[in-house]
Amino acid sequence: NGNFNFETYHTLDEIYQEMDHIVAEHPGLVSKVNIGHSFEKRPMNVLKFSTGGNKPAIWLDAGIHAREWVTQATALWTANKIATEYGKDAFITSLLDQMDLFLLPVTNPDGYVFSHTSNRMWRKTRSRVAGRACVGVDPNRNWDAGFAGPGASNKPCSDSYHGPSANSEVEVKSIVDFIKSHGNFKAFITIHSYSQLLMFPYGYKCSKSDTFDELNQVAQQAAKAVESLYGTKYRVGPICSVIYQASGGSIDWAYDYGIRYSFAFELRDTGRYGFLLPAKQILPTAQETWLGLQSIMEYVRDHPY
Amino acid sequence: RETFVGDQVLEVTPKNEDQIKNLLELEAEEDLQLDFWKSPTTSGETVHVRVPFVSLQAVKVFLELQGIDYSIMIEDVQALLDEEKEEMLLNQRER
């Protein structure tokens with residue numbers, strides 16, 4: 001009803017209601033696209049920002065790891081910003097005049113609900129396999145990119161369990177199928193928290209990608225933009241050689257699939273709360289993240305391929 | 001609903017490769033039920049690990065024996081969770 005508080009954490013139902021509200025308020029710009037459902041049959045809803053036609057597109061997702069609550073909150077704030085400032089903000093207007101934007105605020109809805117109702121520290125999906133005691137798969141180890149390689153666990157009880165096979169998680173498969181069927185994504189950005197990192201491929205191997213120099217330059221620029229607001233410092237680099245080795249990750253899959261501009265954000269860390277970042281930090285986190293996103297999306301818009 | 005009364009989050013700073021190896025061994029100990037928020041990577045890089053109350057003593061003794069520096073990042077995880085829940089309820093009432 002228009003009084004949604006973007007500066008607090010919300011349940012999945014509240015987030016979905018607000019997504020519907022954003023669509024209702026901006027029918028010519030924003031629509032809801034259902035790309036599938038989760039293991040427990042919750043809808044996977046994407047907000048599509050489009051001024052019409054079939055334009056090249058940018059993909060943004062948040063909250064693939066359920067407990068990283070500031071990411072879902074940041075995504076929703078971002079959705080509202082884009083919707084309300086189209087036609088007023090020069091960058092948003094020019095971006096959406098040239099490209100479409102798809103934003104998935106809650107990539108792991110089952111995990112998100114579970115983190116609200118049962119275990120605030122839950123990270124994985126909620127999939128079950130008969131005869132297996134432990135529940136869930138780390139959905140950011142489940143993509144078809146060096147699947148089951150280093151930096152992922154083969155133990156079902158581990159928080160970084162890669163799952164029985166690539167794309168075994170319906171949440172991951174839904175995104176993969178959607179991106180393949182769309183066929184014209186030019187950028188893939190995933191939002192995580194916390195550690196203040198901006199990463200690009202590769203994670204499953206430690207060799208440089210063919211476009212290392214370009215991705216590094218784009219990421220460095222974006223990190224500077226993030227820092228410009230509140231002085232939040234990010235470290236920048238490929239997942240493996242600069243940060244840690246992790247196989248089966250989404251941006252590696254996107255990059256190998258041909259989406260050159262693939263990045264992963266790890267949002268802010270106060271050094272004290274981790275995933276329990278107080279709600280009063282949502283707004284500054286979202287605001288500074290927007291500057292980084294804008295920097296990347298500006299580059300993507302101006303460097304078509 | 002799972003509770004986390006008495007669980008702590010430790011910030012651990014390994015000084016060298018040996019200490020990273022020690023922490024990786026600790027991570028593999030499933031009985032301790034440790035939840036690594038930030039896993040061991042390189043020396044000097046902080047590690048954040050939630051330690052269930054029942055494993056606190058064992059983990060602290062292990063770190064001290066190995067000479068690995070650590071500090072307590074979150075004293076009581078459940079206390080923070082309670083604050084978070086209260087804040088959400090308050091916000092729902094306001095709406």
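Not measured: the values here are computed from a predicted model. To find a chain, count down the sequence lines: A is the first, B the second, and so on, and within it residues start at 1.
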Visitor: Select one option (side chain, backbone, both, neither) describing which atoms of A:Ser153 are under 4.5 Å from chain B's heavy atoms.
Guide: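 No part of A:Ser153 comes within 4.5 Å of chain B.
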
Visitor: For A:Arg128, I'd like to know if atom CZ has over 12 heavy atoms of other residues, nucleotides or ligands within 6.0 Å.
Guide: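 Not buried by this count: 12 neighbours or fewer within 6.0 Å.
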
Visitor: Where do B:Asp35 and A:Arg123 land on the side-chain contact (heavy atoms from CB on, under 4.5 Å) test, with the steps shown first?
Guide: CA-CA 10 Å; B:Asp35 176 14; A:Arg123 164 184 166 103; over 6 Å; no

Visitor: Is it the side chain or the backbone of B:Glu45 that comes within 4.5 Å of chain A heavy atoms, both, or neither?
Guide: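 Side chain only.
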
Visitor: Give me the ring orientation class for A:Tyr194 and B:Trp37: parallel if the planes are under 30° apart, tilted from 30 to 60°, perpendicular past 60°.
Guide: perpendicular

Visitor: Of all of A:Arg67, A:Gln245, A:Glu7, which one pairs up most often with chain B through heavy atoms under 4.5 Å apart?
Guide: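 The residue among A:Arg67, A:Gln245, A:Glu7 with the greatest pair count is A:Arg67.
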
Visitor: Side chain, backbone, both or neither: which part of B:Glu83 has a non-hydrogen atom closer than 4.5 Å to chain A?
Guide: neither

Visitor: At their closest point, which heavy atom of A:Tyr273 faces which heavy atom of B:Ile74, and how far apart are they?
Guide: O-CD1, 3.8 Å

Visitor: Sort by residue number and list every residue of residues 265-272 of chain A having at least one heavy atom under 4.5 Å from chain B.
Guide: A:Asp269, A:Gly271, A:Arg272

Visitor: Among the options B:Lys38, B:Glu11, B:Glu27, pick out the one with the most heavy-atom pairs lying under 4.5 Å from chain A.
Guide: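 So the answer, after comparing B:Lys38, B:Glu11, B:Glu27, is B:Lys38.
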
Visitor: Does NZ in B:Lys85 sit with more than 12 non-hydrogen atoms of other residues, nucleotides or ligands closer than 6.0 Å?
Guide: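 Incorrect, the count does not exceed 12.
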
Visitor: Tell me the closest heavy-atom pair linking B:Met73 and A:Gly274, and the distance in Å.
Guide: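 The answer is CE-N, 3.9 Å.
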
Visitor: Are the side chain of A:Arg120 and the backbone N or O of B:Glu2 linked by a donor-acceptor pair below 3.5 Å?
Guide: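 Between the backbone of B:Glu2 and the side chain of A:Arg120 there is no qualifying donor-acceptor contact (under 3.5 Å).
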
Visitor: Atom CG in B:Asn91, atom CG in A:Asn5: separation rounded to 0.5 Å?
Guide: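 Separation between the atoms: 4.5 Å.
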
Visitor: Which pairs count as ring pair (Phe, Tyr, Trp, His ring centres under 6.0 Å) when at least one residue sits in residues 60-81 of chain B, sequence neighbours excluded?
Guide: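 Counting only pairs at least two positions apart or across chains, no ring pair (Phe, Tyr, Trp, His ring centres under 6.0 Å) contact touches residues 60-81 of chain B.
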
Visitor: B:Phe4 versus A:Asn119: any side-chain heavy-atom pair under 4.5 Å?
Guide: yes

